[in-house]
Amino acid sequence: MSKEFTLTILPGDGIGHEAMAEVQKVITWLEEKRGFNFTLHEDDIGGAAYDRYGMPLADETLEKCQKSDAVIMGSVGGPQWDNVDYNKRPEAGLLRLRKEMGLFANLRPAIVFDALVEASTLKPEIVKGLDILIVRELTGGVYFGQPRGIEDLGDGQRRGVNTQVYETYEIERVARVAFDLARKRNNKVTSCEKANVMESGKLWREDVAALHSKEASDVELEHMYADNCAMQLLRNPAQFDVIVTDNLFGDILSDEAAMLTGSLGMLPSASLGETGKPGLYEPVHGSAPDIAGQGKANPLATILSFAMALRYSLNCGDEATEIEKAVQAVLNGGTRTPDIMADGCNEVSTSAMGDALIQGLNQSKAIAA
Ligand code: NAD
């Protein structure tokens with residue numbers, strides 16, 4: 001199999017550069033040890049792009065992203081851009097990138113590594129071995145529905161309106177992603193909405209059920225109200241495999257699930273569009289301006305996001321697994337950046353964490369021949 005790929009690398013702002021430097025080490029390792037050949041286009045996004053191009057995502061950057069096999073991003077934002085116009089703020093660059101790349105499915109794994117089980121606020125017996133994947137619809141629903149706005153009603157009264165709206169094709173395409181992913185995991189999908197009180201939720205439930213009978217009856221499907229899901233995530237999270245839900249509930253449930261793991265510096269994400277189009281891979285955390293440039297950032301969320309790119313966009317699941325196992329080995333060996341430091345462990349810098357991971361990879365046996 002050819003292992004030639006084009007990647008666009010967007011470190012972004014704050015700790016994005018430090019974390020991406022460690023991804024670069026993994027990229028070099030894959031080239032030297034696993035026969036990959038990457039063409040890399042590095043560019044700016046967010047505040048860095050605003051400073052360089054006058055906008056948080058330049059057209060030429062977007063074009064590079066669209067022509068790549070995958071886009072690997074750091075994170076954007078920082079106090080120095082707080083007073084920039086709303087549509088030129090760092091976050092606007094990210095929103096435009098997601099929109100223009102047609103990324104409708106956001107994948108947020110919540111995995112509890114054995115070595116970090118104590119970092120969760122839940123009891124170890126509840127979260128040990130946890131491995132959930134939340135698939136959130138990303139381009140529709142109440143964040144985009146029309147009409148929206150704030151209306152002046154006079155007499156000091158105003159009305160704020162947002163519209164929750166979904167069409168069948170939007171529900172089907174994200175549900176299809178969830179069923180496909182479940183087949184590669186534990187074969188179970190939980191679909192969440194509020195069908196009891198929202199027509200859009202009733203449609204969601206009916207369309208997911210119809211797609212399931214038509215295309216995915218081999219996968220176990222359960223429907224759950226989103227508020228119940230929020231409770232179940234804390235009560236018995238191990239019951240879940242893949243959760244698929246809309247934009248608003250997904251926003252909330254994925255943050256809740258993320259916190260079951262207790263460590264922001266460990267959480268990767270992927271955003272996918274139509275099959276064959278490039279995906280966007282980024283850590284869940286922000287640009288952490290409070291620690292930027294100090295060598296304190298945990299680069300593992302960005303490295304694990306790159307592993308997701310290998311699995312979902314480059315079809316190199318074996319190498320993704322190899323990286324994930326090396327992360328586990330490094331953590332088991334007690335190597336920790338300050339954010340995940342624990343008694344008896346060895347505190348290291350961002351760059352030393354990257355080096356430890358490469359050492360872990362060197363000790364691993366190739367899964368693929
Ligand atoms: P944040 O995620 O940047 O930081 C929250 C806390 O977690 C901070 O104390 C930070 O030091 C720590 N932290 C985050 N990532 C870490 C890592 N990898 N290693 C060690 N510690 C880590 O959230 P925030 O402080 O609310 O936001 C900072 C900036 O990031 C803001 O401008 C915000 O808009 C932006 N942001 C961007 C994204 C994104 O690019 N997708 C996401 C969230 C926030």
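The chain is numbered in sequence order, starting from 1. Note that ligands are numbered from 1 as they come in the structure, with each ligand's atoms numbered from 1 the same way.
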Which atom pairs, one a donor and one an acceptor, fall under 3.5 Å between side chains of residues 345-357 and the rest of the protein, sequence neighbours left out?
from	atom 1	to	atom 2	distance (Å)
Ser349	OG	Ala352	N	3.1
Thr350	OG1	Gly295	O	3.2
Thr350	OG1	Ala297	N	3.0
Thr350	OG1	Ala297	O	2.7
Asp355	OD1	Lys25	NZ	2.8

Would you give me the side-chain donor-acceptor pairs under 3.5 Å for residues 113-128, sequence neighbours excluded?
from	atom 1	to	atom 2	distance (Å)
Ser120	OG	Leu122	N	3.0
Ser120	OG	Leu260	O	2.6

Does anything in residues 281-297 pair up under salt bridge (charged side-chain N to carboxylate O under 4.0 Å, His left out), and if so which pairs, sequence neighbours excluded?
Arg98-Glu282
For ligand 1, give me the residues whose heavy-atom distance to it is below 4.0 Å, by chain and number please.
Ile15, Ser75, Val76, Gly77, Gly78, Glu91, Leu94, Leu264, Gly265, Glu282, Val284, His285, Gly286, Ser287, Ala288, Pro289, Asp290, Ile291, Ala297, Asn298, Asp339
Start with the C-alpha distance between Val165 and Ser200, add both sets of side-chain angles, then the distance that settles side-chain contact (heavy atoms from CB on, under 4.5 Å), and finish with yes or no.
CA-CA 6 Å; Val165 54; Ser200 58; over 6 Å; no
Backbone N or O of Leu304 within a donor-acceptor pair of the Glu324 side chain at under 3.5 Å?
no
Do Arg89 and Tyr50 meet the cation-pi criteria used here (NZ or CZ under 6.0 Å from the six-membered ring centre, within 45° of the axis)?
no
